[in-house]
Amino acid sequence: MLGALSPAERAAYESHLATCSFCREAVADISALPDVLSRLDAKEFAKLLDPTLTSGEGHPGASLRDWATSEWATLAPDAKRRKKKRKAFSVRVMSTAAAAVLVALIGVGLFAWTSDNAAPAAPPAGPAIAMTSIQKSSPVTASVRLTSTAGGTKVDLVCSYSSAASRPYTFRLVAYGPDEQSEQLGSWQAAPGAEFTMPAVTHFGPGSLSRLELVQFDGKALLAYDVP
């Protein structure tokens, strides 16, 4: 209501309200709070916090509560509701304030915990490397970018199919490891003149990934890259 939430926090807040009737009622109860607060200027606030100006209860919160209760009462549509709101206002405000403080403390704790336990930064991706044509003429060109991962190697492929091609054709990307082991990383149908991108992962890690091949669906290799 005070506009203090980020877009992501507001989206989560509204999503929760859609499924929680208790919180919807609580928000409705304090919906006029921004208007109440806007009526209080700095001088009035200082007077309310002055213990010498309290209403006999001996602490500055009494004056502030009395003022808030009276202001709140002017916003209620009928006497019965005003009476109910006056009784509940202090509890609601204090509950809301306590909840806000709790959320803030949890947020600070979570930030500190994630800072201490954050996963190590991902290794930088390697440069884009053009695959070499195996055939004298190939209707496709492609480049690959390799990145080491915990489970192997991430391969980002960018492939262009010649606009002079007569029809769509299916291609595959195959990874090779030790002892002639192979793994198909993906397949796609390329349209003439189109560019295709594909992120893939092979279980062959650094030192074991030896070669990448782009092959036709019939198994004929068109492009290759020998990993150093």
> A side-chain contact here means heavy atoms from C-beta on lying under 4.5 Å apart; do S138 and L223 qualify?
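In short, these two side chains touch, coming nearer than 4.5 Å.
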
> Looking at E180, I want to see if its CD is surrounded by more than 12 non-hydrogen atoms of other residues, nucleotides or ligands under 6.0 Å.
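No, CD of E180 has 12 or fewer neighbouring heavy atoms, counting only those of other groups under 6.0 Å.
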
> Taking C-beta and beyond as the side chain, do P199 and K154 meet within less than 4.5 Å on heavy atoms?
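P199 reaches K154 side chain to side chain.
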
> So F217 and R172, do their side chains get closer than 4.5 Å, heavy atoms only?
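Yes, at least one pair of side-chain atoms sits under 4.5 Å.
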
> So, do L222 and S133 sit near enough that their side-chain heavy atoms are less than 4.5 Å apart?
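Not in contact.
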
> Would you indicate whether the side-chain heavy atoms of C159 and L214 approach each other to under 4.5 Å?
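Yes, at least one pair of side-chain atoms sits under 4.5 Å.
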
> Distance-only, no hydrogens or angles: does the S210 side chain make a donor-acceptor pair with backbone N or O of Y176 under 3.5 Å?
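At least one qualifying donor-acceptor pair exists.
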
> Name the one of T202, L157, V215 that satisfies side-chain contact (heavy atoms from CB on, under 4.5 Å) with L173?
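The residue from T202, L157, V215 that satisfies side-chain contact (heavy atoms from CB on, under 4.5 Å) with L173 turns out to be L157.
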
> Looking only at atom types and distance, does a side-chain atom of Q135 sit under 3.5 Å from a main-chain N or O of A221, one as donor and one as acceptor?
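Indeed, once roles are kept as given, a pair shorter than 3.5 Å links the two residues.
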
> Determine whether C23 and H16 make a side-chain contact, defined as any pair of heavy atoms from C-beta on separated by less than 4.5 Å.
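Result yes, sub-4.5 Å side-chain heavy-atom pair found.
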
> Indicate, with yes or no, if the rings of Y161 and F171 have centres closer together than 6.0 Å.
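Yes; F171 has its ring centre under 6.0 Å from that of Y161.
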
> Judged by modelled atom types alone, do Q181 and D179 share a side-chain donor-acceptor pair under 3.5 Å?
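No, D179 and Q181 have no side-chain donor paired with an acceptor closer than 3.5 Å.
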
> Are any non-hydrogen side-chain atoms of L146 and L209 less than 4.5 angstrom apart?
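Yes, their side chains come closer than 4.5 Å.
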
> Between V174 and E183, is any pair of side-chain heavy atoms under 4.5 Å apart?
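Side chain of V174 against side chain of E183, heavy atoms only: no contact under 4.5 Å found.
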
